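Taking it in order: structure first as structure tokens, then the write-up.
Because the structure is a prediction, the values reported are computed rather than measured. Read the numbers this way: they start at 1 and go in the same order the structure lists the ligands and their atoms.
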Amino acid sequence: MISIPITDNGVNRSSYQYLPPLDNPAASPNQSLLPLSAQVNDQDHLVVGGSDVVELVQRFGSPLYILDSETLETACRQYRQAFSQHYPGEALVLYASKAWSCLAVCALVAREGLGIDVVSGGELYTALQAGVSPEQIYFHGNNKSAEELRFAVETGCRIVVDNWLELETLAKLLETSDRRVPILLRLTPGIECHTHEYIRTGHLDSKFGFDPDRVESVFAFISKHPVLDCIGIHAHIGSQIFELQPHNDLSDVMVQWFAKAASYGLSLRELDLGGGLGICYTEADDPPSITAWVKTLCQGVIEACRARQLPLPRLLCEPGRSLIGPACVTAYTVGSQKQVPGIRNYVSVDGGMSDNPRPITYQSVYRAIAASKMSAPLSETAAIAGKHCESGDIVINQAQLPPLEAGDVIVIPGTGAYNYSMASNYNRVPRPAAVLVNQGEAQLILQRETYQDLIRQDCLPEFLKQA
Ligand SMILES: *Cc1c(COP(=O)(O)O)cnc(C)c1O
């Protein structure tokens, strides 16, 4: 089906170069730019999950989030298989649902045997409504409200306690409640990793977690409050990480605390090492595979436990981006174009910072693929501009594209994580629809917002109503 000359002279290159390698079941989704099911059909259109992307846009509208279930399921299975291969103890993979929280995604990953990590009452509610069982849900956050804590206790999910206020609030809450919830403690391990400053969380100057020099007083507090059933500890050191060493170091730092906790009479059983594995946004990104990452975690924990003669804990991790990021492409329709001679060409699309705030927030770099002209040589360089009233609303600064016309469809790969979940209605632009595609079937999982949706929460005081 696919045969196209790909040369490096920059003239004959086409979007084909970004297709995942065919027939490679071992491919790690986070190392592929496009979803694993991506192909090209006879009309020279991109196909994802067996559906022609151009037809999907005709049917469901534009912009459109297209989520490939094969890629997401493969990522879930690779995480689970890597643990069963490399860890002799019990393990659980949690999906960090802040990456993309909605009913269908929570239900799909739960069906794959994953638990869910939530960071707000809203994400907890979504996971519960999707049918996820409370024991499989872990509740994070550095400023959970009293109401959120009460909600968590009522549902019986696990609570990852971040700070003293929360610990004390929870102790009081539990003293008057007949519910018992297991808790974990979030620790700041003091580990540096090379990633964007906003998404680094494990170094000491972080708003998250208990500092290492306070941990013993926390253990002491817990040992005096039997209502607090502390089952484990947790750390998350950052996101979009390409190195393995920080997670190896993390295993060792965290296992040390197991021994310390024992001296306060606490028998910790769970070790949750967070998420953070990176993905490919461009061909320049080179993350380790899911299997290599899990193996590093497992070996680190096994070695650290052996050195201290500790039993193996139940081992947890919480990938978000590497599970769902590579599974989605965002399709846009090309609109107006502008040439600024000698400076830059602009190709405008019908979305932008409202459906993908990452470029304007983190200066994230993406690739664009001409889904309606896959084999056309990439002879043009242009900025892909969003439709919002901000000069900074640029999806890609320098995209290599074929000549495009209004109505052409382009896709941006790698938009499954932190796109829909960070989407807004800036400029009162309705949020896009999302479809789940698999073997030629496309199921709507998020309806496109309507203008009525935009004013649903608006209130017009009586005195402002026009007669
Ligand atoms: C964001 C976050 C994750 C997921 O991070 P990824 O880089 O998307 O894998 C996991 N755990 C916690 C506590 C987080 O805040």
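Comment: R77 engages E112 in a salt bridge, judged by a side-chain N to carboxylate O separation of less than 4.0 angstrom. In summary, K144 and E166 engage in a salt bridge, as defined by a charged side-chain N under 4.0 Å from a carboxylate O. The pair R367-E283 meets the salt-bridge criterion, since a charged nitrogen lies less than 4.0 angstrom from a carboxylate oxygen. Contact check on D355 versus K387 returns no salt bridge, with no Lys/Arg side-chain nitrogen under 4.0 Å from an Asp/Glu carboxylate oxygen.
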Exercise. Do Y418 and Q240 pass the side-chain hydrogen bond (donor to acceptor under 3.5 Å, both in side chains) test, and can you show the C-alpha distance, the side-chain angles, and the key distance before you say yes or no?
Worked result: CA-CA 12 Å; Y418 310 112; Q240 187 60 359; over 6 Å; no

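If you look at S239 next to ligand 1, the close heavy atoms, those under 4.0 Å, come from the backbone and the side chain alike. Contact annotation: for I241 versus ligand 1, there are no heavy atoms closer than 4.0 Å. At a 4.0 Å heavy-atom cut-off, ligand 1 touches R321 through backbone and side chain alike.
The six-membered or imidazole ring of H234 lies near that of H140, with a centre-to-centre distance under 6.0 Å.
Once rounded to the nearest 0.5 Å, the distance linking CG of L167 with CZ of F221 reads 5.0 Å.
Every atom of ligand 1 with a heavy atom of G275 under 4.0 Å away is listed here by number and element: 9 (O), 10 (C). Under a 4.0 Å criterion applied to the non-hydrogen atoms of A96, ligand 1 contributes the atoms 3 (C), 4 (C), 10 (C). Listed by number with element, the atoms of ligand 1 under 4.0 angstrom from any heavy atom of G320 are 4 (C), 6 (P), 8 (O), 9 (O).
Within the 4.5 Å cutoff, the side chain of D117 has heavy atoms near those of the V119 side chain. Side-chain contact check for L271 versus W257: every heavy-atom pair is 4.5 Å or farther apart.
Under a 4.0 angstrom heavy-atom cut-off, Y418 registers as being in contact with ligand 1. Within the structure, the closest approach of G276 to ligand 1 falls below 4.0 Å when heavy atoms are considered. Heavy atoms of P319 approach ligand 1 to within less than 4.0 angstrom.
Looking only at heavy atoms of the protein, atom 3 (C) of ligand 1 is closest to H236 CE1, 3.4 Å.
Some N or O of E318 is nearer than 3.5 Å to an N or O of ligand 1, by distance alone. The distance criterion of under 3.5 Å between nitrogen or oxygen atoms is not met by H140 with respect to ligand 1. Considering backbone and side-chain N/O atoms, K98 comes within less than 3.5 Å of an N/O atom of ligand 1.
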